[in-house]
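Written below as structure tokens is the structure these notes are about.
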Amino acid sequence: MTIMNNRPLTGKSRRTSIKAALAQERETPGVHLGGWVRTVRGGKELTFLELNDGSCFASLQVVVEENSPAANDIARIGTGACIEVTGDLVISPASGQRWELKAAEICLLGGTDADYPLQKKRHSLEFLRTIAHLRPRSNTFGAVFRVRNALSFAVHRFFQEQGFLYVQTPIITANDCEGAGEMFRVTTLDPKTPPTKDGEIVWGEDFFGEKTGLTVSGQLQAELFATAFSDVYTFGPTFRAENSNTSRHVAEFWMIEPEMAFADLGDNCRLAENFFRYMVVHALENCAEDLKFFNDRIEKGLIDKLEQLAGAEFKIVTYTEAVALLQKSGQKFSYAVEWGLDLQSEHERWLTEKIIGGPVFVIDYPAQIKAFYMRRNEDGHTVAAMDMLVPRVGEIIGGSQREERREFLEARMREVGISPESLSWYLDIRRWGSCPHAGFGLGFERLLMYVTGMENIRDVIPFPRTPGNARF
RNA sequence: UCCCCAGUAGCUCAGUCGGUAGAGCAGGUGGCUGUUAACCACCGGGUCCGUGGUUCGAGUCCGCGCUGGGGAGCCA
């Protein structure tokens, strides 16, 4: 790089990451670090600072000697302070850590005070949620967001390795008939004086010339791309304006939606299984330190669970079999288990946790409880749908083979009250060059819940959006 | 949206039968020759979520509201 003016940009202030420092093979003089202080332990002649920069779970112990020039500032350095340190990386003479930094110079960049909410003690996840701007500096959320980062990368790696094309489907869309949930409205009309006719808002005068909202699914557009590129996937933000108040729902989340041409429901389940296993293996191989923390503090036995899953075959049961299994389980449920009724959360959990004891695909649901685009089976009353259920989290994947036969699809749309004209482009795919295809939607946050053991979806997304809460 | 539970110091929580507010951590001061969410001593710190009521007296009992959590529905 060439600096064209007289600004004193040296480009020499870059630090060594703590991850890199801890990975050193030998003692190194003159190492420069930056980070946030986790705890300070002061003695008469020595002060110990735990420094964390988020590059890894571990902190690095910084040792300040009483008469070192670095000692000047340490009285003002408390938990949470941001500092830069230069010193020698040496093998620690005390047990508890291999490396420590003998400080020669400390620069206090940003101090803290008594009101700093993040203390060196256990906080409740509920409290940390109220300080979402600071919680990434905690052990738990540091680990969560490093795993989230690793798995985001793994999503792309998995699909790219398999030759899938990444497609960015629109975030603003005019389809509100996808059956996936309530939409957030997108409009530029003045809420005080919208154009009206006979008391109704004239959406034709809105920005896009029709009623639009934030996407609830990229599936329909992914299907369009699948009929040109064969195998495609989306990975992007998804919005649901449902008034859902549970530990598994947020209004804004990230969804992964692969769509494959020349594929049936069996191919779909196989892809889902391979994908899920790939994510788990990737986490085991790349996030060992963070997973160990989750295993010790969040979900006992987590690593065993993940390792078992990596080697296990996923079970597939039909909806009809699932109903029979639940009926003969002898378990008393609050809601009836009966063919034709949707499985309740309690049924799904019993199935995956108690009867199967691991991830399970439930396939071939009754047509009347599933979406219009799912392919009708030969029996005439079920559709080629699949839900993947996992212990603790419940439904993590929902997918299907799509109805590629135009006359069946159109008839089904009329049955459920969707005008074929409104989705003419979707029907056109069946009109010209139609082919069997299948895909699914996987909630990225629910995957993270499974992998980290975190029990509330609000704790695996940086700044959760839920009814009544869009702070931060 | 419905059902259940909770709200006390900056944080985690105790507070008995209704009798006038407590601990640990954090913060401040001092001590300590290598500490591991250090330790020891002392100090400061309260709209008991809000509101209305019952009572001689309410953190405690009752009504309403707000906020948070768990569960259900919707789903990923």
Side-chain angles (χ1 to χ4, degrees), chain A residues 37-50 52 58-66 75 78-80 90 92-97 100 102 112-131 134 138-139 178-182 216-219 235 237-257 272 297 333-335 342-349 369-371 387-390 393-399 440-450 455-461 466-469:
Chain A
V37 174
R38 284 292 176 84
T39 174
V40 181
R41 294 181 290 271
K44 189 181 181 189
E45 297 182 359
L46 292 171
T47 298
F48 301 94
L49 310 172
E50 294 289 335
N52 188 285
S59 298
L60 182 72
Q61 174 161 285
V62 175
V63 184
V64 187
E65 291 174 344
E66 187 186 22
T79 298
V90 297
S92 177
S95 64
Q97 59 282 316
E100 65 183 28
K102 207 169 143 185
T112 50
D113 57 29
D115 292 333
Y116 183 60
L118 245 194
Q119 294 169 17
K120 51 181 178 184
K121 56 167 283 189
R122 196 178 175 82
H123 289 291
S124 69
L125 296 171
E126 292 81 17
F127 169 68
L128 290 169
R129 235 170 264 155
T130 68
I131 51 165
L134 297 168
S138 67
N139 281 334
E178 292 164 23
E182 283 297 307
V216 293
S217 166
Q219 180 200 317
F235 180 19
T238 310
F239 308 88
R240 303 274 167 93
E242 302 288 346
N243 190 9
S244 296
N245 291 286
T246 80
S247 55
R248 325 180 285 289
H249 291 87
V250 274
E252 177 184 283
F253 62 100
W254 284 64
M255 187 152 66
I256 297 146
E257 295 179 285
R297 297 298 194 86
F333 296 108
S334 314
Y335 291 84
D342 212 348
L343 296 178
Q344 302 289 317
S345 286
E346 56 171 348
H347 307 146
E348 294 182 337
R349 289 195 63 173
I369 58 172
K370 286 292 181 183
D387 283 355
M388 185 176 134
L389 313 175
V390 298
V393 182
E395 185 178 340
I396 202 164
I397 289 178
F440 60 81
L442 180 147
F444 185 55
E445 284 76 18
R446 290 188 181 175
L447 169 71
L448 286 170
M449 289 168 74
Y450 184 81
E455 288 188 294
N456 194 309
I457 198 167
R458 292 161 210 179
D459 296 332
V460 294
I461 189 165
T466 50
N469 202 341

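Worth knowing before you read on, the calculation uses all heavy atoms, side chains too, and leaves out hydrogens, waters and symmetry mates. Per chain, numbering begins at 1; letters A, B, ... match sequence-line order.
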**Asked** Which base sits across from rC48(B) as a Watson-Crick or G-U pair, both distances under 3.5 Å?
**Response** none
**Request:** Using the P atoms only, state how far rG59(B) lies from rG19(B), rounded to an integer number of Å.
**Result:** 10 Å
**Request:** Using a 4.0 Å heavy-atom cut-off across all strands, classify Tyr116(A) as base, sugar-phosphate, or nothing.
**Result:** nothing
**Message:** If I take atom CG in residue Asn243(A) and atom P in nucleotide rA72(B), what distance separates them, rounded to the nearest angstrom?
**Reply:** 16 Å
**Asked** In Å, rounded to the nearest 0.5 Å, how long is the span from CZ of Phe235(A) to CH2 of Trp254(A)?
**Response** 6.5 Å
**Prompt:** Between rC4(B) and rG44(B), how far is it from one P atom to the other, in whole Å?
**Reply:** 45 Å
**Complete:** Nucleotide by nucleotide, nucleotides 32-40 of chain B touches protein heavy atoms under 4.0 Å in the pattern (B base, S sugar-phosphate only, - none) BSBBBBB--
**Request:** Go ahead and name the base partner of rA41(B); Watson-Crick or wobble counts if both distances stay under 3.5 Å, otherwise write none.
**Result:** rU29(B)
**Request:** Apply salt bridge (charged side-chain N to carboxylate O under 4.0 Å, His left out) to Arg41(A) and list each qualifying residue two or more places apart in sequence or on a separate chain.
**Result:** Glu50(A)
**Interatomic distance, Tyr335(A) OH vs rC3(B) P [rounded to whole Å]** = 13 Å
**Prompt:** Separation of Arg349(A) atom CZ from rG73(B) atom P, in whole Å?
**Reply:** 11 Å
**Message:** Roughly how many Å apart are rG22(B) and rU16(B), using the C1' atom of each and rounding to a whole number?
**Reply:** 14 Å
**Asked** Between Gln344(A) and rA72(B), is there a side-chain N or O to OP1/OP2 distance below 4.0 Å?
**Response** no
**Item:** OP1 or OP2 of rG70(B) under 4.0 Å from side-chain N/O of Asn456(A)
**Value:** yes
**Request:** Tell me whether the OP1 or OP2 atom of rC74(B) has a side-chain N or O from Thr246(A) closer than 4.0 Å.
**Result:** no
**Request:** Report the distance from atom OG of Ser92(A) to atom CD of Gln61(A), rounding to the nearest 0.5 Å.
**Result:** 5.5 Å
**Prompt:** With Arg248(A), which residues qualify under salt bridge (charged side-chain N to carboxylate O under 4.0 Å, His left out), at least two apart?
**Reply:** none
**Message:** Is the phosphate of rA72(B) approached by Arg248(A) (side-chain N or O, under 4.0 Å from OP1 or OP2)?
**Reply:** yes
**Whole-Å gap separating P (rC75(B)) and CD (Glu257(A))** = 15 Å
**Asked** Can you check the Glu346(A) CD to rG70(B) P distance for me, whole Å?
**Response** 19 Å
**Message:** Return the pairing partner of rG22(B) with a 3.5 Å limit on both distances, Watson-Crick or G-U wobble; otherwise return none.
**Reply:** rC13(B)
**Request:** Just name whichever nucleotide pairs with rC61(B), Watson-Crick or G-U, keeping both distances under 3.5 Å, else none.
**Result:** rG53(B)
**Prompt:** With a non-hydrogen cut-off below 4.0 angstrom, is Ile457(A) in contact with a base, only sugar-phosphate, or nothing?
**Reply:** base
**Asked** How far does CG of Asn456(A) sit from OG1 of Thr466(A), to the nearest 0.5 angstrom?
**Response** 9.0 Å
**Request:** Measure from CG on Asn245(A) to P on rC3(B) and round the result to the nearest Å.
**Result:** 13 Å
**Prompt:** Nearest to the side chain of Ser124(A), which nucleotide is it out of rU12(B), rC75(B), rC74(B)?
**Reply:** rU12(B)
**Asked** With both distances under 3.5 Å as the test, what is the Watson-Crick or G-U wobble partner of rG73(B)?
**Response** none
**Message:** On RNA chain B, does the nearest nucleotide to Glu126(A) precede the nearest nucleotide to Asp342(A) from the 5' side, or the other way round? Give the residue.
**Reply:** Glu126(A)
**Prompt:** Side chains of Ser247(A) and Glu455(A): donor-acceptor distance under 3.5 Å anywhere?
**Reply:** no
**Message:** What is the separation between atom CZ on Phe127(A) and atom P on rU67(B), rounded to the nearest whole Å?
**Reply:** 19 Å
**hbond_proxy Ser244(A) side chain to rC75(B) base (donor-acceptor, 3.5 Å cutoff)** = no
**Asked** Below 4.5 Å, heavy atoms only, C-beta onward: do Arg38(A) and Asn139(A) meet side chain to side chain?
**Response** yes
**Asked** Do Val250(A) and Glu252(A) come within less than 4.5 Å of each other through their side chains, counting heavy atoms only?
**Response** no
**Message:** Say we look at rU33(B) and rA38(B): how far apart would their C1' atoms be, to the nearest angstrom?
**Reply:** 14 Å
**Prompt:** To the nearest 0.5 Å, how far apart are CG in Leu134(A) and CG in Leu118(A)?
**Reply:** 5.5 Å
**Asked** To the nearest Å, how far apart are Phe333(A) CZ and rG71(B) P?
**Response** 17 Å
**Message:** For the P atoms, the ones on rA58(B) and on rG52(B), what distance do you get once it is rounded to whole angstrom?
**Reply:** 13 Å
**Request:** For Arg458(A), answer base if it contacts any base atom (sugar-phosphate contacts may also be present), sugar-phosphate if it contacts only those atoms, and nothing otherwise; contact means non-hydrogen atoms under 4.0 Å.
**Result:** sugar-phosphate
**Request:** Write down the distance separating the C1' atoms in rG65(B) and rG45(B), rounded off to the nearest Å.
**Result:** 30 Å
**Nearest-0.5 Å distance that lies between atom OG1 in Thr39(A) and atom CG in Asn52(A)** = 12.0 Å
**Asked** Looking at the side chain of Asn469(A), which of rG70(B), rG68(B), rC74(B) is the nearest nucleotide?
**Response** rG68(B)
**Rounded P spacing from rC39(B) to rC25(B) in Å** = 7 Å
**Message:** Rounding to an integer number of angstrom, what distance separates rG46(B) and rG10(B) when you compare their P atoms?
**Reply:** 8 Å
